[in-house]
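A quick write-up on the structure given underneath.
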Protein chains: 2
Amino acid sequence: MTNYIEPLAQESTPSIIADKLRKAIGHGELKPGMQLGEADLARKLGVSRGPLREGMQRLTQEGLLIAIRNRGLFVVDMTPDDVRDMYLAREAIERAAARKILAGDHAPAGDALLTVVAQMAKATGPAEVSEADIAFHERLVELAASPRLSRMHQTVITETRMCIHALEETYSASEVRVEEHRALAEAIKSGDPTLVDQLLTAHMDDAIARLTTR
Amino acid sequence: MTNYIEPLAQESTPSIIADKLRKAIGHGELKPGMQLGEADLARKLGVSRGPLREGMQRLTQEGLLIAIRNRGLFVVDMTPDDVRDMYLAREAIERAAARKILAGDHAPAGDALLTVVAQMAKATGPAEVSEADIAFHERLVELAASPRLSRMHQTVITETRMCIHALEETYSASEVRVEEHRALAEAIKSGDPTLVDQLLTAHMDDAIARLTTR
DNA sequence: GGGGTTAGCATTGTCGACAATCTACCCATT
DNA sequence: AATGGGTAGATTGTCGACAATGCTAACCCC
């Protein structure tokens, strides 16, 4: 039963803009290194430059945009070192999320992740495969119910998308790594912290190798 | 030999403003729950409302300010759950930082931390003790040379300061926990990952207990 | 006394204008 | 050919003004 009568959740314009830009960056519409011209972008988004600048300050704070005074804002251009650092951060976040899940009701969490794995198995084509992989990790962090881990994760996931997009002709994401994710979900379900850690770490190491080999 | 001839690093006004506000929040000048009035604050900072709003969007993104549309921006008010979440995030970051250090030249890093511990031993009074403790953890993450961990850490350290300030009459920071930090620095110097993890985790658990018992 | 309505004021959100800065191009000089 | 100076145009940074919104106090009615 859909509730139509409920408190309005009014999102601020800069927040909406930041979300749109974050998606555009993650999906390659705004390319790494690209300068975001305020006048052009504001016209396209149908807002004035003020709120656009505000939205872009949010992305600057999270590192997706680089602000250079008097010269403008640029989409971050991820070097191989950046990729490694990003995965280091991602590993920190996801391991902490897993640990929190394991400290609580890990069995239902494992089930929820197994549901995501079942969806993964249906993914076809590079874009769907990448997104399915990301969806698993997003769900993992979401299940930890930690606002701070979730917020930090949002940024690194956008960066992950950027990397995949930048390499979409060389990045071999055509193989769904369902079994790897299933093993992780099962380890979480059964509450085995050591195995979870090992699986997550190996997963990240593998991703780093694939994204930095060019 | 000091280099005077070097590229100017011109920091943007919103960035300067965000830094100032971050410090004011961490040191209790801007109290938890407090509304930040734009006109008043802009006048005090000597800028117009535009750049102030931009700076505040940065802090909103990192969670130090809560933006409610049409009602204004408020300094985050940390509940006990927030404190636990903040330490969860901090533990994730610092453990990852330690792990990275241990994967590299951990002996000089241990020495650098022991230098900080020596400074800690000289701290007197609650404010100095808290700051000395924080300085150790900041240095730890800095030594990992990870831009992302450092950026994320900045936020949780500000939140840590907020908590300490909010509780400064009940928070017993009069005892310098030098030995605890020294043990951690020694473990890093010697390259013992299991011990480092244990010490860091225990350190965080202790801090949580102290900050959430009211 | 309590509840509802309305007006006024304070504050926030956005806009367009103007100043400041940077970049690219052209011309003159060596 | 290389270097330096000047200029125009594009873009960024900031400002003040105006519109929109929310809060509070006053007033009226039951």
Side-chain angles (χ1 to χ4, degrees), chain A residues 4-22 24-25 29-77, chain B residues 4-22 24-25 29-77:
Chain A
Y4 292 105
I5 308 297
E6 62 184 14
L8 296 190
Q10 291 277 21
E11 190 174 2
S12 72
T13 306
S15 175
I16 294 168
I17 289 168
D19 282 342
K20 282 178 179 292
L21 295 180
R22 198 179 282 114
I25 288 168
E29 185 177 341
L30 299 175
K31 304 291 185 191
M34 180 173 173
Q35 179 166 13
L36 304 195
E38 296 174 9
D40 184 47
L41 203 47
R43 190 171 48 243
K44 282 178 182 166
L45 290 168
V47 295
S48 76
R49 286 171 50 227
L52 172 66
R53 292 178 61 87
E54 288 183 36
M56 293 200 288
Q57 290 289 345
R58 289 191 178 205
L59 297 187
T60 301
Q61 173 60 29
E62 69 183 280
L64 294 175
L65 296 183
I66 307 294
I68 306 173
R69 187 182 178 96
N70 295 325
R71 288 181 48 202
L73 287 106
F74 302 80
V75 179
V76 67
D77 204 339
Chain B
Y4 293 106
I5 309 296
E6 59 185 20
L8 296 188
Q10 292 275 20
E11 191 173 3
S12 72
T13 306
S15 175
I16 295 168
I17 290 170
D19 282 342
K20 281 178 177 297
L21 295 180
R22 198 180 281 112
I25 289 168
E29 185 177 342
L30 299 176
K31 306 290 184 192
M34 181 174 174
Q35 177 166 12
L36 303 195
E38 297 173 7
D40 184 46
L41 204 45
R43 191 170 47 244
K44 283 177 182 170
L45 290 167
V47 296
S48 78
R49 284 172 52 228
L52 172 65
R53 292 179 61 87
E54 288 182 38
M56 292 198 290
Q57 290 290 344
R58 289 191 177 206
L59 297 187
T60 301
Q61 174 58 30
E62 68 182 280
L64 295 175
L65 296 182
I66 306 295
I68 305 173
R69 185 180 178 98
N70 294 325
R71 287 180 49 200
L73 287 107
F74 302 81
V75 178
V76 68
D77 205 339

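Sequence lines set the chain letters: A, B, ... in the order given, protein chains first and strands last, and positions in each chain run from 1. The figures here come from the full heavy-atom set of this structure, side chains too, leaving out hydrogens, waters and symmetry mates.
- B:Glu54 has its CD atom 13 Å from the C1' atom of C:dT14, to the nearest Å.
- Nucleic acid contact for A:Leu36: sugar-phosphate only, since backbone atoms but no base atoms lie under 4.0 Å from a heavy atom of the residue.
- A pairwise comparison of heavy atoms in A:Pro51 and A:Thr13 identifies CB-CG2, 3.8 Å as the closest pair.
- Across all their heavy atoms, B:Gln35 and B:Gly72 have their closest contact at NE2-CA, 3.8 Å.
- The side chain of A:Gln35 contributes no N or O atom lying less than 4.0 Å from OP1 or OP2 of D:dT11.
- Residues in residues 62-75 of chain B take part in these salt bridge (Lys or Arg N to Asp or Glu O under 4.0 Å) pairs, two or more places apart or across chains: B:Arg22-B:Glu62.
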For a side-chain contact (heavy atoms from CB on, under 4.5 Å) check, start with the C-alpha distance between A:Leu41 and A:Leu21, then their side-chain angles and the critical distance, and finish with the verdict.
CA-CA 10 Å; A:Leu41 203 47; A:Leu21 295 180; 4.0 Å; yes
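- Atom CZ of A:Arg53 is separated from atom P of C:dG13 by 17 Å (rounded to the nearest Å).
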Begin with the C-alpha distance, continue with both residues' side-chain angles, and end with the deciding distance and a verdict on side-chain contact (heavy atoms from CB on, under 4.5 Å) for A:Val75 and A:Lys31.
CA-CA 7 Å; A:Val75 179; A:Lys31 304 291 185 191; over 6 Å; no
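- In this structure, of D:dT14, C:dC15, D:dG13, it is C:dC15 that holds the atom nearest to the side chain of A:Pro51.
- Inter-axis angle, ends of the helix from C:dG1-D:dC30 to C:dT30-D:dA1, five pairs per end, rounded to 10 degrees: 10°.
- Residues A:Leu73 and A:Ile66 have side chains not in contact (no heavy-atom distance under 4.5 Å, counting atoms from C-beta outward).
- What separates CD of A:Glu38 from P of C:dC15 is a distance of 13 Å, to the nearest Å.
- The distance between atom CD1 of B:Ile17 and atom C1' of D:dC15, rounded to the nearest whole Å, is 13 Å.
- Protein atom CG of A:Leu52 is 16 Å distant from nucleotide atom P of C:dG13, rounded to whole Å.
- Donor-acceptor pairing under 3.5 Å, judged by distance alone, is present between the side chain of B:Arg49 and the base of C:dG13.
- Separating the CG atom of B:Asp40 from the C1' atom of C:dT12 is a distance of 14 Å, rounded to the nearest angstrom.
- Just one residue in the list A:Gln61, A:Glu54, A:Gln57 forms a side-chain hydrogen bond (donor to acceptor under 3.5 Å, both in side chains) with B:Gln57, and that residue is A:Glu54.
- A:Ile25 is listed as a side-chain neighbour of A:Leu59, based on a closest heavy-atom distance under 4.5 Å.
- DNA chain C lies under 4.0 Å from at least one heavy atom of each of the following residues of residues 62-72 of chain A: A:Asn70, A:Arg71.
- Residues B:Leu52 and B:Leu36 have side chains not in contact (no heavy-atom distance under 4.5 Å, counting atoms from C-beta outward).
- Picking from C:dC15, C:dT14, D:dT14 the nucleotide with the shortest atom distance to the side chain of A:Pro14 gives C:dT14.
- Atom P of nucleotide C:dT11 and atom CE of B:Met34 are separated by 13 Å, given to the nearest angstrom.
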